[in-house]
Structure formats: structure tokens, C-alpha cells
Amino acid sequence: MNIIDIILIALSLAMDAFAVSICLGLTVKQNRFKYSILIALSFALFQIIMPIIGYKLGDIFYNLISSIDHYISFIILSIIGFKMIKDAIVKEDIIFNYLDLFTIVFLSIATSIDAFVVGITLPYLSINLYTTIFIIFIITFILCFIGTYIGSKITNYKLYQIVGGLTLFAIGLKILFEHLNII
């Protein structure tokens with residue numbers, strides 16, 4: 001995988017956090033900069049903690065599944081991608097009436113579970129963990145900061161979840177096709 005693939009993974013992982021930060025931005029009436037930093041930092045930190053945990057667990061199982069790693073990556077990325085799309089289509093909009101640290105941390109954890117699963121696949125993809133989590137952190141932080149700021153102006157945030165889900169599926173297909181020597 002190259003740097004473009006890592007950036008695409010980071011963008012895909014950040015899309016749900018971006019969508020949620022837009023929703024949170026709808027509730028921020030004062031101290032917009034402070035809340036934008038807090039939300040972006042929380043989401044970005046959990047987006048790098050979870051892949052590290054997944055990476056460590058994935059490393060344990062590498063020898064057991066190295067011959068089928070491309071299928072595993074494809075399946076995991078496809079499931080996450082389609083779940084993001086389904087959630088965007090099926091779930092109702094979530095608007096929060098208040099904003100506190102517990103809510104921000106809880107949502108940070110909830111939106112980083114897919115990053116945990118992606119972390120499991122990283123050892124099989126020959127991706128440098130530290131480069132990957134640095135890129136994930138930067139992209140998530142920037143998108144969440146911007147999302148909080150523009151939250152009150154965007155009404156259809158579900159589109160971003162759909163784009164993120166489609167991107168994860170496309171990356172999964174690319175991995176599968178590369179290992180099957182189709183591309």
C-alpha cells in the first residue's frame with residue numbers, strides 16, 4: 001500500500017467522526033473554537049488509539065491467517081463500509097441537546113470502533129503503524145475541527161458517511177484484486 005491508500009483509509013475512518021462533529025457543531029452556540037478543538041482532539045485521539053490496539057491483536061494472529069489476509073481485509077473493510085452506508089440511510093438524524101466531556105468521549109469511542117477493526121488488518125497490509133496513525137490523527141483532527149465549525153450550515157451530513165463507506169469498500173476491493181493479480 002502506498003501513501004494515497006493510507007490517506008484514503010484515514011479519510012474513510014474520519015468520515016463518521018466528521019459527520020458526528022457536524023452534529024455536535026449544531027449544538028455549539030458559544031466558545032466555538034474551544035469546542036472545535038476539544039471535539040477534534042478527542043475524536044482524533046480515539047481514532048489512533050483504536051488502530052494501535054487492533055494492530056497489536058492482529059500481530060498475534062498474523063501467522064495463523066497470513067494466507068487469507070487479503071480476503072479478511074476485503075471482508076472487514078466491506079462490512080464496515082456497508083455498515084456506514086446503512087447507518088447513514090436507516091438511522092434518523094441525531095441532534096444533541098447538550099455538549100459535555102462524557103458525550104464527546106463516548107461519541108469518540110463509538111466512531112473509532114471501525115478504526116480498531118482496520119488496525120487488525122494493518123500487519124497484513126505491510127503498512128507502517130506510526131505513519132498510518134499520524135495521518136489518521138491529522139486528517140481526523142482537521143475534519144472534526146472543520147465539521148464542528150460548519151455544523152450549523154450543513155443539513156445532509158449522511159452523504160459524508162455514504163462516501164466514507166464506499167471508499168472503504170473500494171479499498172477492500174483494491175486489496176483483494178491486487179492479491180488475486182487482477183490489477
Side-chain angles (χ1 to χ4, degrees), residues 1-25 28 33-62 69 72-81 83-84 87-88 94 99-151 157 160-161 163-172 174-175:
M1 294 193 92
N2 58 37
I3 195 77
I4 301 297
D5 293 330
I6 296 171
I7 291 171
L8 288 173
I9 288 171
L11 284 168
S12 297
L13 291 175
M15 285 299 170
D16 55 349
F18 176 63
V20 172
S21 70
I22 291 171
C23 291
L24 292 175
V28 175
F33 183 78
K34 174 185 145 189
Y35 277 109
S36 295
I37 292 288
L38 178 63
I39 291 166
L41 188 58
S42 180
F43 278 70
L45 283 174
F46 278 96
Q47 286 284 13
I48 64 169
I49 290 169
M50 296 301 261
I52 292 170
I53 295 168
Y55 184 88
K56 296 302 179 185
L57 290 177
D59 197 33
I60 293 168
F61 297 107
Y62 181 76
D69 62 337
I72 293 170
S73 297
F74 170 71
I75 290 168
I76 289 172
L77 291 171
S78 296
I79 289 170
I80 295 168
K83 181 188 176 305
M84 287 174 67
D87 288 349
I94 300 171
L99 193 58
D100 60 19
L101 187 58
F102 176 79
T103 301
I104 294 169
V105 170
F106 179 76
L107 291 171
S108 298
I109 293 168
T111 58
S112 65
I113 292 171
D114 53 349
F116 169 78
V117 178
V118 169
I120 292 172
T121 67
L122 293 180
Y124 316 118
L125 303 176
S126 301
I127 297 176
N128 181 286
L129 174 65
Y130 300 108
T131 301
T132 303
I133 62 170
F134 177 75
I135 292 170
I136 289 170
F137 179 86
I138 295 298
I139 288 174
T140 302
F141 184 87
I142 291 169
L143 286 178
C144 290
F145 182 85
I146 292 169
T148 304
Y149 246 65
I150 63 173
Y157 72 91
Y160 295 102
Q161 283 182 288
V163 169
L166 290 173
T167 303
L168 284 177
F169 178 71
I171 292 168
K174 180 180 180 283
I175 291 166

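Just the heavy atoms: all of them, side chains too, but no hydrogens, waters or symmetry mates, feed the values below. Keep in mind that what you see is a predicted model, and the values were worked out from it rather than measured.
- Looking only at side-chain heavy atoms (C-beta outward), S42 and V105 come within less than 4.5 Å of each other.
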| request: Test L11 against L143 for side-chain contact (heavy atoms from CB on, under 4.5 Å), laying out the working first. | output: CA-CA 9 Å; L11 284 168; L143 286 178; 4.0 Å; yes
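- Atoms OG1 and CG, from T148 and L38 in turn, are 9.0 Å apart once rounded to the nearest 0.5 Å.
- Counting heavy atoms from C-beta outward, L45 and F137 have side chains that approach closer than 4.5 Å.
- Here the CD1 atom belonging to I135 is positioned 12.0 Å from the CG atom belonging to L13, to the nearest 0.5 angstrom.
- Aromatic pair Y149/Y35: centroids not less than 6.0 angstrom apart.
- Inter-residue side-chain proximity for I48 and T140 is flagged as unmet; no heavy-atom pair is nearer than 4.5 Å.
- For the side chain to side chain contact (heavy atoms under 4.5 Å, CB included) test with F134, the passing option among I136, T132, I138 is I138; the others fail.
- The line from OG1 of T111 to CZ of F18 is 13.0 Å long, rounded to the nearest 0.5 Å.
- Residues L57 and F116 meet the side-chain proximity criterion, which asks for heavy atoms closer than 4.5 Å.
- L107 has its side chain out of reach of I39: every pair of non-hydrogen atoms, C-beta onward, lies at least 4.5 Å apart.
- Using cut-offs of 30° and 60° for the angle between ring planes, the F145 and F33 rings count as perpendicular.
- When all heavy atoms are compared, the tightest approach of Q47 to D16 is NE2-OD1, 4.0 Å.
- Taking every heavy atom of both residues into account, L129 and P51 meet most closely at CD1-O, 4.4 Å.
- Side-chain atoms of S78 do not come within 3.5 Å of backbone N or O of I75 as any donor-acceptor pair.
- Going from atom CD1 of I150 over to atom OG of S21 covers 8.0 Å, rounded to the nearest 0.5 Å.
- Residues I6 and N128 fail the side-chain proximity criterion, which asks for heavy atoms closer than 4.5 Å.
- Put simply, the side chain of I37 reaches to within 4.5 Å of the side chain of F141, judged on heavy atoms.
- In plain terms, the two heavy atoms of F46 and I109 that are nearest each other are CE2-CG1, 3.4 Å.
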